[in-house]
Amino acid sequence: MDNITRMRKQLRSMGPIYDWQRETICCEPEYYRWNQWLFLQFYRAGLAYRTRAPVVWCPSCQTVLANEQVVDGACERCDTPVTRREMEQWFLRITRYADELLDFSGLVDWPEKILVMQRNWIGRSAGAEVHFDISHLGLAERTLPVFTTRLDTIYGVTFMVLAPEHPLVPKLTTPERRREVEAYVEEARRKSDIERLSTEREKTGVWLGSYCVNPLNGEKVPIFTADYAVAWYATGAVMGVPAHDQRDFEFAHKFGLPVRVVIAPPGWSGGELSEAYVGDGSMVNSGPFNGVPNREGMARLADYIQQQGAGKSALVYRMRDWLISRQRYWGTPIPMVYCDACGVVPVRDQDLPVLLPPDAEFKPTGESPLKYHQGFLQTTCPQCGRPARRESDTMDTFFDSSWYFLRYTSPREQARPWDPSMVQKRLPVDKYTGGAEHAVMHLLYARFFTKALRDMGLVFYSEPFLRLFNQGVVIAAGAKMSKSRGNVVTPDPYVEHLGADVVRCYLMFVGPWDRGGEWSDTGINGIARWLNRVWDLMLRGAPVPTTSGPRDGAADAEATRTLGRRVHQTLRRVYQDLDKFKFNTAIAALMELSNTLQDAWEQGRVTAEAWNDAIEKFLLMMAPLAPHLAEELWERTGRPYSIHTLLYPKWDDALTAEEQITLVVQVNGRVRDRLQVPAGIGEEEAKRVALESANVRRHLDNKQVAQVIYVAGRLVNVVTG
RNA sequence: GCCGAGGUGGCGAAACGGCAGACGCGGCGGACUUAAAAUCCGCUGCCCGCAAGGGCGUGUGGGUUCAAAUCCCACCCUCGGCACCA
């Protein structure tokens with residue numbers, strides 16, 4: 001709660017416009033009861049389930065994590081290398097939506113980068129599942145399924161690899177190999193994901209002592225376990241084709257396994273390969289498929305194994321179901337009850353929320369602190385009324401953020417999570433901003449929630465955020481500048497010394513908003529100086545006519561028109577820039593206008609009326625960028641509170657048009673002269689004045705003029721023969 | 001390795017087929033001051049030239065075009081993402 005108060009204060013100090021009426025606090029029962037309600041909806045829809053699986057474990061946080069929350073083999077939150085554990089946990093069936101999540105057609109404008117990241121993450125891969133026969137071993141399992149995208153290489157299989165965690169590993173291990181295999185599996189389990197990830201590592205593995213049979217050619221191939229096969233992907237088993245897969249090639253060399261070429265490389269004379277050949281070619285050593293181009297062979301083999309009952313075409317996804325249980329105290333209790341008689345029973349809707357007890361004890365046990373809180377744990381079964389235990393794990397906080405925008409539409413709703421009519425009115429979100437680091441977490445989860453809720457009839461659209469804009473990161477002293485991460489440099493002291501408007505404008509001005517930039521102390525002074533000049537300029541009052549210089553009515557009228565033109569040009573530029581999130585150029589445009597105003601004031605040739613109009617429009621343009629200063633100046637120049645309730649002024653295209661233009665004159669594409677000409681100059685006239693230019697004549701040097709290009713309102717290019 | 005974004009003055013950056021370097025920082029010179037800070041004015045891509053003017057310049061090499069930072073091809077480098085995914 002202290003955190004929230006501090007955060008609220010920091011946010012407010014920067015002067016943004018938030019509707020604080022809609023603030024929702026995820027850790028309060030008013031919010032998390034709806035997490036629980038939604039969880040039960042997912043459960044009823046078959047989208048939430050509990051199962052035992054090798055899950056990612058963070059030894060420092062003492063909790064399991066979702067795959068999405070592992071960055072480079074380390075915990076997203078604390079950077080500790082993660083390990084794996086076999087545990088019974090709650091999952092959301094996001095994989096059911098894998099294909100729909102790959103369809104981005106419902107989005108209006110998302111950065112390509114994010115789409116690519118999501119696409120990679122989901123990792124759809126088309127291939128075939130082939131069943132290698134193990135019936136001779138007399139196990140319950142009669143076949144060993146493997147997934148391959150290279151069915152065309154199946155005649156080249158010379159070994160089989162199972163991931164160390166593969167459930168068949170113990171069963172396929174012969175007694176004389178057992179000791180060695182168990183040692184290897186144990187070692188693999190202890191290794192962090194980081195160690196196992198390294199591509200540089202030499203291949204390791206152990207033969208299990210047993211064989212399986214290739215259903216295509218009836219050959220016996222030895223079964224190994226090796227950690228280059230990963231348990232959670234596809235079937236956790238790899239068919240080893242050393243001739244046509246570099247990893248298998250390396251493994252075969254290490255263990256002296258045969259390398260059999262089944263796709264002939266171009267110009268191949270039957271000799272040994274120095275590395276795996278992964279390209280296309282004709283099939284060889286492949287029984288009835290010899291001579292068939294491998295692409296075609298792949299399709300025919302798929303039909304063939306299907307007919308033989310030895311396999312089928314298969315789609316495999318890299319993405320796993322979303323593991324949402326956490327062994328943390330903070331988080332929403334998962335509203336489930338374990339009853340010895342009835343099994344796993346959901347808490348009844350009317351009994352929600354399941355409250356988080358305020359007095360749990362923290363122990364580094366690797367289990368939820370709630371597990372030791374008897375008052376919380378002991379309950380009765382909603383079905384039979386007998387004593388039962390509550391689920392003690394809590395939900396991933398990404399559950400909260402997957403639907404908060406729905407709650408924003410009706411935050412005080414008591415009887416339901418949101419008011420559908422308000423959702424109808426406000427959502428989906430037109431424009432959403434956030435960092436790219438959320439690509440495969442929040443942004444993917446929120447898309448999944450939306451689609452799942454749509455299928456439950458709870459919302460009526462398919463994408464939560466139509467447009468997405470990634471803001472960049474501001475780097476200060478080598479570290480990401482942030483409000484939440486407790487960093488070396490925070491903007492707070494600058495807000496205190498120079499004011500929020502200076503910090504805001506500086507952050508906008510450093511560079512393109514989506515790229516972030518480097519914090520610079522001298523740079524921010526530039527903005528502070530500019531805003532000081534603006535302050536002074538705005539409060540100066542209309543210029544008094546100067547006594548020096550040309551003083552006639554025509555000159556004054558022209559100066560006044562020019563000022564108006566600059567104002568309207570700036571209105572257009574700033575509007576368009578803000579619309580495109582190009583804050584840096586919007587501020588540059590305002591700087592130019594303030595320079596223009598400064599000059600106009602010094603020359604003292606514009607009317608008071610034009611001056612006041614310019615000041616007013618300037619302040620209105622400044623309002624979204626420097627809201628505090630704009631409001632203060634608005635009041636000090638005698639205007640009624642509040643500037644922030646007014647509309648951005650409309651520009652008049654007619655008033656933005658220049659009277660004079662600079663006509664660029666080129667000879668053979670090189671600029672040789674610039675002429676001031678009336679804006680409405682015609683083609684003939686423009687070419688004529690261009691050819692008359694002394695500079696042009698000198699460069700033509702009596703050469704034949706072959707062509708004269710005219711670009712209206714811009715340039716004339718004289719081309720010689 | 002694969003995918004994405006990007007390479008422009010001393011620096012942050014504009015321009016996205018038509019005047020490269022807007023705007024700001026820094027630097028240099030000047031005004032004010034006993035002095036400094038602050039402020040204000042002027043200059044500031046590089047090279048030649050007293051000047052007028054000229055040459056060279058947007059990572060590298062080619063190409064398209066009257067005209068390329070901008071479009072096309074190849075390559076180099078930086079940053080971000082994915083990566084033993086079968």
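Below, chains carry the letters A, B, ... as their sequence lines are ordered, and counting in each starts from 1.
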Original post:
For RNA chain B, whose closest nucleotide is more 5', that of Thr148(A) or that of Ile587(A)?
Top reply: Ile587(A)

Subject >> Asn532(A) vs Ile709(A), nearer the 5' end of RNA chain B by closest nucleotide >> reply: Asn532(A)

Establish, yes or no, whether the cationic atom of [X] lies under 6.0 Å from the six-membered ring centre of [Y] and within 45° of the ring axis.
X         : Y         : answer
Arg467(A) : Trp110(A) : no
Arg318(A) : Trp121(A) : yes
Lys203(A) : Phe251(A) : no

Please tell me whether [X] and [Y] have a donor and an acceptor in their side chains that are separated by less than 3.5 angstrom.
X         : Y         : answer
Thr662(A) : Gln676(A) : yes
Asn668(A) : Thr720(A) : yes
Gln569(A) : Arg566(A) : yes

Can you tell me, in whole Å, how much space there is between the [atom1] of [N] and that of [M]?
N       : M       : atom1 : answer
rG59(B) : rG9(B)  : P     : 8 Å
rG18(B) : rC73(B) : C1'   : 24 Å
rA67(B) : rC77(B) : P     : 32 Å
rC46(B) : rU8(B)  : C1'   : 14 Å
rG53(B) : rG30(B) : P     : 28 Å
rA35(B) : rA69(B) : C1'   : 48 Å
rU44(B) : rG62(B) : P     : 33 Å
rG63(B) : rG17(B) : C1'   : 16 Å

Subject >> Separation between CG of Leu625(A) and CG of Leu531(A), rounded to the nearest 0.5 Å >> reply: 9.5 Å

Subject >> Any Arg672(A) side-chain N or O less than 4.0 Å from OP1/OP2 of rG55(B) >> reply: yes

Original post:
So, is Arg119(A) close to the rG81(B) phosphate, meaning a side-chain N or O under 4.0 Å from OP1 or OP2?
Top reply: no

Subject >> Base orientation of rG9(B), syn vs anti, 90° cut from 0 >> reply: syn

At under 4.0 Å between heavy atoms, what does [X] touch on the DNA or RNA strands: base, sugar-phosphate, or nothing?
X         : answer
Asn717(A) : base
Gly526(A) : sugar-phosphate
Gln666(A) : base
Val116(A) : sugar-phosphate
Pro512(A) : sugar-phosphate
Arg670(A) : sugar-phosphate
Asn668(A) : nothing

Closest to the [X] side chain, choosing from [options]:
X         : options                   : answer
Arg529(A) : rC23(B), rG18(B), rU39(B) : rU39(B)
Val671(A) : rA86(B), rC19(B), rG24(B) : rC19(B)
Thr585(A) : rC3(B), rA14(B), rG24(B)  : rA14(B)
Arg714(A) : rG18(B), rG53(B), rA86(B) : rG18(B)
His699(A) : rC84(B), rA86(B), rG54(B) : rG54(B)
Asn584(A) : rA14(B), rG18(B), rC66(B) : rA14(B)

Subject >> Side chain Lys113(A) and base rC3(B) donor-acceptor under 3.5 Å >> reply: no

Original post:
Counting only distance, no hydrogens or angles, is the base of rC82(B) paired donor-acceptor with the side chain of Asn120(A) under 3.5 Å?
Top reply: no

Atom pair distance, as rounded to whole Å: [atom1] in [X] and [atom2] in [N]:
X         : N       : atom1 : atom2 : result
Met508(A) : rA13(B) : CE    : C1'   : 17 Å
Phe509(A) : rG12(B) : CZ    : P     : 13 Å
Leu444(A) : rC82(B) : CG    : P     : 13 Å
Arg515(A) : rU78(B) : CZ    : P     : 18 Å
Met319(A) : rC82(B) : CE    : C1'   : 16 Å
Trp121(A) : rG81(B) : CH2   : P     : 13 Å
Asn470(A) : rC79(B) : CG    : C1'   : 15 Å
Trp232(A) : rA86(B) : CH2   : C1'   : 12 Å

Original post:
Does any residue of residues 588-599 of chain A have a heavy atom under 4.0 Å from RNA chain B, and if so, which ones, in number order?
Top reply: Ala588(A), Met591(A), Glu592(A), Asn595(A)

Any strand is fair game: report the nucleotide pairing with [N] by Watson-Crick or G-U wobble, both distances under 3.5 Å, or none.
N       : value
rC71(B) : rG63(B)
rA22(B) : none
rC2(B)  : rG81(B)
rC43(B) : rG27(B)
rG17(B) : none
rA37(B) : none

**OP:** Can you label the angle between the His253(A) ring and the Phe249(A) ring as parallel, tilted or perpendicular, going by 30° and 60°?
**Re:** tilted

**OP:** On the 0 to 90° scale, with breaks at 30° and 60°, tag the Tyr211(A)-Trp207(A) ring pair as parallel, tilted or perpendicular.
**Re:** perpendicular

**OP:** May I ask you to check whether Tyr494(A) and Trp519(A) place their ring centers less than 6.0 Å from one another?
**Re:** yes

Original post:
Less than 6.0 Å separating the ring centroids of Trp513(A) and Phe509(A)?
Top reply: no

